[in-house]
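All heavy atoms count here, side chains included; hydrogens, waters and symmetry mates do not.
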Amino acid sequence: MMHQRDVLVAAFESRGSPADFDRELTRLFGSSFTTLSMDPVPPEQVRRNNWEPMASASNAKKGSQVEQRVVDVILRDLLRIVHDMPLRAKSEWSNFLDALTVQASWTSIMARIQAIAGNHDEVSAYFWGSMLAATSGAHMTGTTVSPVDIGAFPGSVSTVFDQARYPRANSGNTVKTIKEMTFPNVVSIAAKPIADAWSTTKVAAGEKGAALAIVGSAVSPDLWRHPAAVRYLLLPAVSGLRSLVPSASFSLDSATQTVEDAIDTELAEKWRARSVW
């Protein structure tokens, strides 16, 4: 989670010039494309180094590339918009970030979790993002955000919180279980410090939901494989920033569709068809 936290700190504290931060975002997430499917043209870059020309790519590959561009460009835009916000508008966000990612006790909490769930595997990195998605979901229902609320939320909705799967995945190696989410005691261990962070932060009430959603969106290793994070973190992050920064623009917004529309068409509909949204 280190590089995700580093870029969040830089955005929340407006570190570096806008041009320098934009270059770092390009390095991490690719360029700020304005179309869903146009091939990159130098010096444009993509986040993933396996882009195939759309004219010759298979239908499956084309679908993956469009889906990935949606989430990668939107996440990039979120961080750019936050970096551009005046510091007075986000003065407590870095402290909230530290609390949400339990910087003070991460090692001990992970040791407790591993004692129950076993050693981390290839999708364990999605666990904390799923927990932050559950927290955002609990907040969105209008209930309190207690450890019990966080732990109960995944079981109250149709979205899967314990799977890493890209939008068209059906079974087998394309669907991975986030095993930590399957242990109630592990969920309880993680929910406690997150709920504490929510209840003790000095971030204004009208900003907390957006700040949480932005943190969670960046903490997820790959939103393309994380339906819970897209539904309960990425979408609320976009709507939250639109409210906080009315002038904010998203690269994939167009005259015919918003980025929210793109998420629904390119990702949500496919996850919905597989009963995981």
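Looking at E52, its side chain never comes within 3.5 Å of a backbone N or O of N50 through a donor-acceptor pair. Formation of a donor-acceptor pair under 3.5 Å by the T26 side chain with backbone atoms of D22 is found in this model. Put simply, the side chain of Q65 never gets that close to the backbone of K62: no donor and acceptor are under 3.5 Å apart. Between the R27 side chain and the R23 main chain, no donor and acceptor come within less than 3.5 Å of each other. Remark: side-chain polar atoms of D149 are paired, donor with acceptor, to backbone N or O of S146 under 3.5 angstrom.
For the pair Y126 and K176, the minimum side-chain heavy-atom distance is 4.5 Å or more. At least one side-chain heavy atom of P227 sits less than 4.5 Å from a side-chain heavy atom of R165. Put simply, the side chain of H120 reaches to within 4.5 Å of the side chain of M110, judged on heavy atoms. Within the 4.5 Å cutoff, no side-chain heavy atoms of M131 are placed close to those of P193. Residues Y166 and T174 are in side-chain contact: their nearest non-hydrogen atoms beyond the backbone lie under 4.5 Å apart. K90 places none of its side-chain heavy atoms less than 4.5 Å from the side chain of L244. With a 4.5 Å cut-off on side-chain heavy atoms, V145 and I150 count as touching.
Note: F12 CZ to R15 CZ = 12.0 Å, rounded to the nearest 0.5 Å. Between the CD1 atom of I116 and the CD1 atom of I189 there is a distance of 3.5 Å, given to the nearest 0.5 Å. Of the inter-residue distances, the one linking E180 atom CD with W128 atom CH2 reads 11.0 Å to the nearest 0.5 angstrom. Distance check, rounded to the nearest 0.5 Å: CD of E24 to CG of L79 gives 10.5 Å. Atom CZ of R48 sits about 10.5 Å away from atom CZ of F29, to the nearest 0.5 Å. Taking CH2 of W271 as the reference point, atom CD1 of I263 lies at 9.0 Å (rounded to 0.5 Å).
Open room surrounds CG on N49; 12 or fewer heavy atoms of other groups in view lie less than 6.0 Å from it.
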- Task: Step by step, work out the side-chain contact (heavy atoms from CB on, under 4.5 Å) result for I194 and L100.
- Result: CA-CA 5 Å; I194 294 174; L100 288 172; 4.2 Å; yes
- Task: Check the pair D98 / R5 against side-chain contact (heavy atoms from CB on, under 4.5 Å), numbers first and verdict last.
- Result: CA-CA 9 Å; D98 285 347; R5 183 179 177 279; 2.4 Å; yes
- CA sep, side-chain torsions, deciding dist, call: R242, V259, side-chain contact (heavy atoms from CB on, under 4.5 Å): CA-CA 11 Å; R242 287 198 194 277; V259 294; 3.5 Å; yes
- Message: Between L78 and V238, does the side-chain contact (heavy atoms from CB on, under 4.5 Å) criterion hold? Intermediate values first, please.
- Response: CA-CA 7 Å; L78 289 173; V238 171; 4.2 Å; yes
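In this structure, L234 is a member of the same hydrophobic cluster as V66, with clusters built from ILVMFWY side-chain heavy atoms closer than 4.5 Å. V82 and L87 fall into different hydrophobic clusters, defined by Ile, Leu, Val, Met, Phe, Trp and Tyr side-chain heavy atoms under 4.5 Å apart, directly or through other members. Taking hydrophobic clusters as Ile, Leu, Val, Met, Phe, Trp and Tyr residues chained together by side-chain heavy-atom distances below 4.5 Å, F250 shares a cluster with V245. Hydrophobic clustering (side-chain heavy atoms under 4.5 Å, transitive across Ile, Leu, Val, Met, Phe, Trp, Tyr) keeps M181 apart from V148. A single hydrophobic cluster is seen to contain both W51 and L25, as judged by linkage of ILVMFWY side chains at heavy-atom distances under 4.5 Å, directly or through other members.
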For residues 201-211, which side-chain N or O atoms pair as donor and acceptor with protein atoms under 3.5 Å away, sequence neighbours left out?
| residue | atom | partner | partner atom | Å |
| --- | --- | --- | --- | --- |
| T201 | OG1 | V203 | N | 3.1 |
| E207 | OE1 | W93 | NE1 | 3.0 |
| K208 | NZ | W198 | O | 3.0 |

Listed pairs under 3.5 Å, donor-acceptor, residues 31-38 side chains, sequence neighbours left out:
| residue | atom | partner | partner atom | Å |
| --- | --- | --- | --- | --- |
| S31 | OG | Q45 | N | 2.8 |
| S31 | OG | Q45 | O | 3.4 |
| T35 | OG1 | M38 | N | 3.3 |

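Scanning all heavy atoms of the two residues, the minimum distance from V186 to A117 falls at CG2-CB, 4.2 Å. Here the shortest heavy-atom pairing between D39 and M54 reads OD1-N, 3.0 Å. Of all heavy-atom pairs spanning S108 and S105, the tightest one is OG-O, 3.0 Å. Considering every non-hydrogen atom in both A237 and A213, the closest pair reads N-CB, 3.5 Å. Heavy atoms only, all atoms of each residue included: A218 and Q4 are closest at O-CG, 2.9 Å. The minimum heavy-atom distance between I178 and S130, with the atom names listed, is CD1-OG, 3.8 Å.
The salt bridge (Lys or Arg N to Asp or Glu O under 4.0 Å) check on D264 picks up R272, with sequence neighbours excluded. The salt bridge (Lys or Arg N to Asp or Glu O under 4.0 Å) check on D196 picks up K192, with sequence neighbours excluded. Applying the side-chain contact (heavy atoms from CB on, under 4.5 Å) test to M140 and every residue at least two apart in sequence or in another chain returns S136, Y232, P236. Remark: R47 pairs with D72 by the salt bridge (Lys or Arg N to Asp or Glu O under 4.0 Å) rule, at least two apart or across chains.
Counting only N and O atoms by type, the side chains of Q68 and W224 include no donor and acceptor under 3.5 Å apart. Side-chain contact check for S188 and N185: no donor-acceptor pair (N or O, by modelled atom type) lies under 3.5 Å. Using a 3.5 Å distance cut-off with no hydrogens or angles, the side chains of T182 and D162 do not pair a donor with an acceptor. With no hydrogens or angles considered, a side-chain donor-acceptor pair links R168 and S64 at under 3.5 Å.
Using the six-membered ring where Trp is involved, H83 and F21 have ring planes that are parallel, under 30° apart on the 30 and 60° scheme.
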